[in-house]
Amino acid sequence: MRIDIISVLPEMFGPVLDTSILGRAQASGVIEIAVHDLRDWTDDRHRTTDDYPFGGGPGMVMKPEPVYRALDAVTALSDAEPFVVLTSPQGRRLDQALVRELAARPRLLILCGRYEGFDERILARADLEVSIGDYVLTGGELPALVLTDAVSRLQPGALGCSDSATDESFSEGLLEYPQYTRPAIFRGMEVPPVLVSGDHARIAAWRRRESLRRTAERRPDLLVGAALSPEESEFVNGVVQKENADRD
Ligand code: 9D3
């Protein structure tokens, strides 16, 4: 997969993209990421990318001309037609289902918002606007990094075998079970004996139950879509009822 990113702060990307799994995935050719400075497509001495809003009001608006020129030039850098994503607080909220949809595309072009927003005519060039959640950031660069990280790790060959199961936590719709490593007793806190029993069937059953317990306690909203056996549903209902009783 190829990912192009257009931003007025291209220096924000290098260290993150070149580290760890993303760095390895780029080095091995699993993903190709190119970051572009929007100011390369300005035409004035000050390399201006924003301007005052028509009609007045606070803040600045991203100008359309540099963005259109950048989108044309960056699109032409490779044969595949890019799926153009705009980072925006008004966008579709990113979740793992959207990550999977985007990860299946051969090419993404992410345009990072800055200032109070985009000139509305820029939206005509976007296939999708994406938000990463309901909190206010200073711009779309961190959202672009979040999106790039999430789609990159789903590319075939991006993860080592030990990492590869990790997607199942959200795919299966339940939270992860509790994990322990050595030492078996740390500052008086012991590892649940079942995990050192060597009985793999009992370990699997314990983990499933703890996943259900945790999800019911912390994220009962996730249980709506989960495939549970009748016994599991009963267990989960008990946990949810206890949580409600403890709260009320
Ligand atoms: C005063 C109205 N604000 C909207 C909530 C204006 C505004 C705030 C922050 C406009 C842009 C921004 C910068 N944020 C992003 O560009 C952004 C973002 C975010 O702030 N949160 C979650 N996802 C995203 S994607 C892009």
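Both counts, for ligands and for their atoms, begin at 1 and track the order of listing. What you are looking at is a predicted structure, and each value in this text was computed from that prediction instead of being measured. These values consider heavy atoms only, across backbone and side chains, with no hydrogens, waters or symmetry-generated copies.
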Out of Val67, Leu109, Leu111, which one pairs with Leu86 under the side-chain contact (heavy atoms from CB on, under 4.5 Å) rule?
Leu111

Could Arg213 and Phe235 be counted as a cation-pi pair, given that NZ or CZ must be under 6.0 Å from the ring centre and within 45° of the axis?
no

Determine, stepwise, if the pair Lys242 / Asp246 fulfils salt bridge (charged side-chain N to carboxylate O under 4.0 Å, His left out).
CA-CA 6 Å; Lys242 179 173 183 316; Asp246 288 350; 2.8 Å; yes

Passes salt bridge (charged side-chain N to carboxylate O under 4.0 Å, His left out), Arg105 versus Glu81? Steps please.
CA-CA 10 Å; Arg105 305 217 169 242; Glu81 193 62 34; over 6 Å; no

If we only count heavy atoms from C-beta on, is the Met60 to Tyr52 side-chain gap below 4.5 Å?
yes

What are the distances between nitrogen or oxygen atoms of ligand 1 and protein nitrogen or oxygen atoms, counting only those under 3.5 Å?
unit_1	atom_1	unit_2	atom_2	d
ligand 1	20 (O)	Leu137	N	2.9
ligand 1	21 (N)	Tyr135	O	2.8
ligand 1	23 (N)	Ser131	OG	3.4
ligand 1	23 (N)	Ile132	N	3.0

Please determine whether residues Val130 and Tyr135 belong to a single hydrophobic cluster, defined as Ile, Leu, Val, Met, Phe, Trp and Tyr linked transitively by side-chain heavy-atom distances below 4.5 Å.
yes

